[in-house]
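All remarks here apply to the structure that follows.
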Amino acid sequence: MVLPDKTIFIQGLNFLVMIFLLNIVLIKPIREIIKKRKGLMADQLEKIEGFNENAETKVADYEAQLTAARKEAGEIRNAAKDAGVVEEQALLSTAGAEASSTIQAARTEIKSQVKGAMEQLTKDVDKYAEQATGKILGQA
């Protein structure tokens, strides 16, 4: 059996002194390092969260701008299409009018040519009739 003597008190005192020294030399510096790391991680986590919020805001703004740009492009396209339809109708109207006037002028010219040809044929018919009559009478 072990009997306690003076050495147990010396060993207890030695144990307490070692705990005190280890606390000063190791435990407090390690706790401070852990505390600094926790603070650093908290700061970085806040920065990351801020960055994510900022990125989400920018994405939302980008999508809103993209939607607005698509809407504006659609409006511009529709306006250009409408303007093209109006211009097409104007061109078709102008072309129709020009074609109508050209056709009318051609008809007038054809009528005058037909009239001139008829007059020429009428003159020639009398002349040919006299020649034919002369030949027939001259031969009979």
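Please read all numbers here as calculations on a predicted model, not as lab measurements. Hydrogens, waters and symmetry mates play no part in the numbers below; they use all other heavy atoms, side chains included.
- Between K115 and E119 there is a side-chain heavy-atom pair separated by less than 4.5 Å.
- Remark: I8 CD1 to K6 NZ distance equals 14.5 Å, nearest 0.5 Å.
- Listed for the N54 side chain is no donor-acceptor partner under 3.5 Å among the backbone atoms of G50.
- From I30, atom CD1 reaches atom CD of E32 across 11.0 Å, with rounding to the nearest 0.5 Å.
- Under the 4.5 Å side-chain heavy-atom criterion for ILVMFWY residues, a single connected hydrophobic cluster contains both V25 and L22.
- Of the possible donor and acceptor atoms, one in the side chain of T133 sits under 3.5 Å from a partner among the backbone N and O of A129.
- For the atom pair CD of E46 and CE of M41, the computed distance is 12.5 Å after rounding to the nearest 0.5 Å.
- For the pair L21 and V17, the minimum side-chain heavy-atom distance is below 4.5 Å.
- Note that OH of Y128 is 9.0 Å distant from CG of L121, once rounded to the nearest 0.5 Å.
- Within a 6.0 Å sphere centred on CD of E72, heavy atoms belonging to other residues, nucleotides or ligands number 12 at most.
- The number of heavy-atom neighbours closer than 6.0 Å to CD of E87, taken from other residues, nucleotides and ligands shown, is 12 or below.
- In I19, the CD1 atom is crowded: over 12 heavy atoms of neighbouring residues, nucleotides or ligands sit closer than 6.0 Å.
- With rounding to the nearest 0.5 angstrom, the CZ atom of R70 is 11.5 Å from the CZ atom of R77.
- Rounding to the nearest 0.5 Å gives a distance of 10.5 Å between CD1 of I34 and CD1 of I27.
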K71 vs T67, test: side chain to side chain contact (heavy atoms under 4.5 Å, CB included). Steps then yes/no. CA-CA 6 Å; K71 182 178 179 183; T67 302; 5.6 Å; no
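- The same ILVMFWY cluster, assembled from side-chain heavy atoms under 4.5 Å apart, contains both M118 and I110.
- Under a 3.5 Å cut-off, the side chain of T102 and the backbone N or O of E98 do form a donor-acceptor pair.
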